[in-house]
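In what follows, chains carry the letters A, B, and so on, assigned in the order in which the sequence lines appear, proteins first and then strands, with residues in each chain numbered from 1.
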Amino acid sequence: MKNYWDCFNFMPELPEVETIRRDLAKKILDKKIKDIFVLDKRTLTPVRHRSDIRQMSNGARRFKKILIGKSFVGIERRGKLLIFKLNTNKFLLVHLKMTGQLIYEKKGNSKKQSEIIVGGHEDKNFKQVDKYARVVFEFEDSSKLYFNDLRIFGYLKIINEKELEKVKEGFGVEPLSPAMSPAKSMAMFKNKKTTIKAFLLNQKNIAGIGNIYTDEICFACGILPTRKVNTLNKKEIELILKNTKKILKLAIEKRGTTFNNYRDSNGNKGNFVSFLKVYGRQGQKCQKCGGEIKKIKVAGRGTHYCPVCQS
DNA sequence: AAGATTGTTGCTTA
DNA sequence: TTAAGCAACAATCT
């Protein structure tokens with residue numbers, strides 16, 4: 001890898017995860033799992049449980065035993081979490097966190113990079129199939145599903161139906177569902193003393209928005225990320241609702257393309273995504289007013305905004 | 001060589 | 001009691 005930050009040209013938030021979900025559903029459903037390779041067993045244990053030696057040591061054996069010979073019959077998404085339904089009474093949770101990727105490789109394509117499908121993104125520059133592969137599923141037709149994850153923040157976890165209900169309850173409203181109505185939003189925003197940035201990042205409020213889309217939503221609304229939620233009026237809350245739906249829908253339409261400031265050794269730009277107005281554009285001109293986009297830290301996260309257009 | 005990158009959570013503080 | 005804030009985790013680059 002030429003540049004560490006190349007890994008971050010794909011930071012999965014709702015639109016990216018949804019794109020993967022839709023594409024994988026067309027490719028892997030009802031295929032019998034022939035074998036599983038666990039290359040790093042930390043991936044099978046969420047970070048907070050990795051000090052549990054028993055979980056860590058039993059993880060791979062149990063994981064294989066439950067999955068081999070079975071097949072996936074459906075893929076759901078809740079926020080940024082993927083839920084693979086097995087043809088048994090169990091479910092496989094997949095969280096990509098920051099650097100996780102799900103890569104489906106058709107039979108016999110291992111050396112033809114141009115044919116490798118990256119979570120639904122055709123990525124001719126993809127080179128890291130092996131180095132950061134943590135878990136590999138092999139299906140009966142010899143196609144493979146790679147879970148790659150440079151930083152090993154992501155995880156794969158098997159749970160039952162009861163545990164699934166609990167997991168789902170932990171999430172707030174799905175932003176693209178009818179449940180995200182103006183009435184519901186007003187109640188949700190009411191009396192919150194935190195910043196709009198922290199509010200939008202909190203998955204218990206709205207599920208699936210990450211750091212990039214938070215900044216983009218705030219810009220689209222002309223609202224500073226530092227604004228306290230309880231200072232927003234009805235009109236502003238409705239605007240946040242409208243722009244959240246609009247931006248996420250557009251991003252899904254663009255197959256979840258998010259952020260890419262990569263330049264290769266020849267100085268060529270990667271894909272620049274025109275709808276990013278503020279994220280990663282600090283020091284550049286605001287496309288609306290020509291002023292300079294600033295970057296500060298809000299809620300512990302890098303936060304981009306236009307001081308003129310947002311207040 | 002410390003600081004920064006982000007999603008989530010569990011602990012601390014208010 | 002509840003909400004808000006923050007450290008910690010992971011790998012790697014500047």
Next on the checklist: So Gly302(A), base contact, sugar-phosphate only, or nothing? Heavy-atom distance under 4.0 Å.
Outcome noted: sugar-phosphate
Next on the checklist: Apply salt bridge (charged side-chain N to carboxylate O under 4.0 Å, His left out) to residues Glu174(A) and Arg77(A) and explain how you reach the verdict.
Outcome noted: CA-CA 10 Å; Glu174(A) 279 294 324; Arg77(A) 179 191 56 73; 3.0 Å; yes
Item to check | Interatomic distance where CG belongs to Asn211(A) and P belongs to dG7(B) [whole Å] | outcome: 5 Å
Next on the checklist: Of the options dT5(B), dA11(C), dG7(B), whose atoms approach the side-chain atoms of Glu13(A) most closely?
Outcome noted: dG7(B)
Next on the checklist: Check this one for me: any side-chain N or O of Lys80(A) less than 4.0 Å away from OP1 or OP2 of dT6(B)?
Outcome noted: no
Next on the checklist: Students often mix this up, so state it plainly: with edges at 30° and 60°, are the rings of Phe72(A) and Phe137(A) parallel, tilted or perpendicular?
Outcome noted: perpendicular
Item to check | Pi-cation contact, Phe219(A) with Lys288(A) (under 6.0 Å, within 45°) | outcome: yes
Item to check | Interface with DNA chain B, restricted to residues 200-210 of chain A and to heavy atoms under 4.0 Å | outcome: Gln203(A), Gly210(A)
Next on the checklist: Check this one for me: any side-chain N or O of Tyr279(A) less than 4.0 Å away from OP1 or OP2 of dT6(B)?
Outcome noted: yes
Checklist entry - Whole-Å distance between dT12(C) C1' and Leu150(A) CG? => result 7 Å
Protein-nucleotides 10-14 of chain B N/O pairs closer than 3.5 Å?
residue: dG10(B); atom: OP1; partner: Arg48(A); partner atom: NE; Å: 2.9

Checklist entry - Any Lys/Arg nitrogen of Glu18(A) or Arg21(A) sitting under 4.0 Å from an Asp/Glu carboxylate oxygen of the other? => result yes
Checklist entry - Between Lys97(A) (NZ) and dG7(B) (P), how many Å, whole number? => result 10 Å
Look for any protein N or O under 3.5 Å of an N or O in nucleotides 2-9 of chain C and output each such pair with its distance, or none.
residue: dA4(C); atom: OP1; partner: Lys193(A); partner atom: N; Å: 2.8
residue: dG5(C); atom: OP2; partner: Thr194(A); partner atom: OG1; Å: 3.0

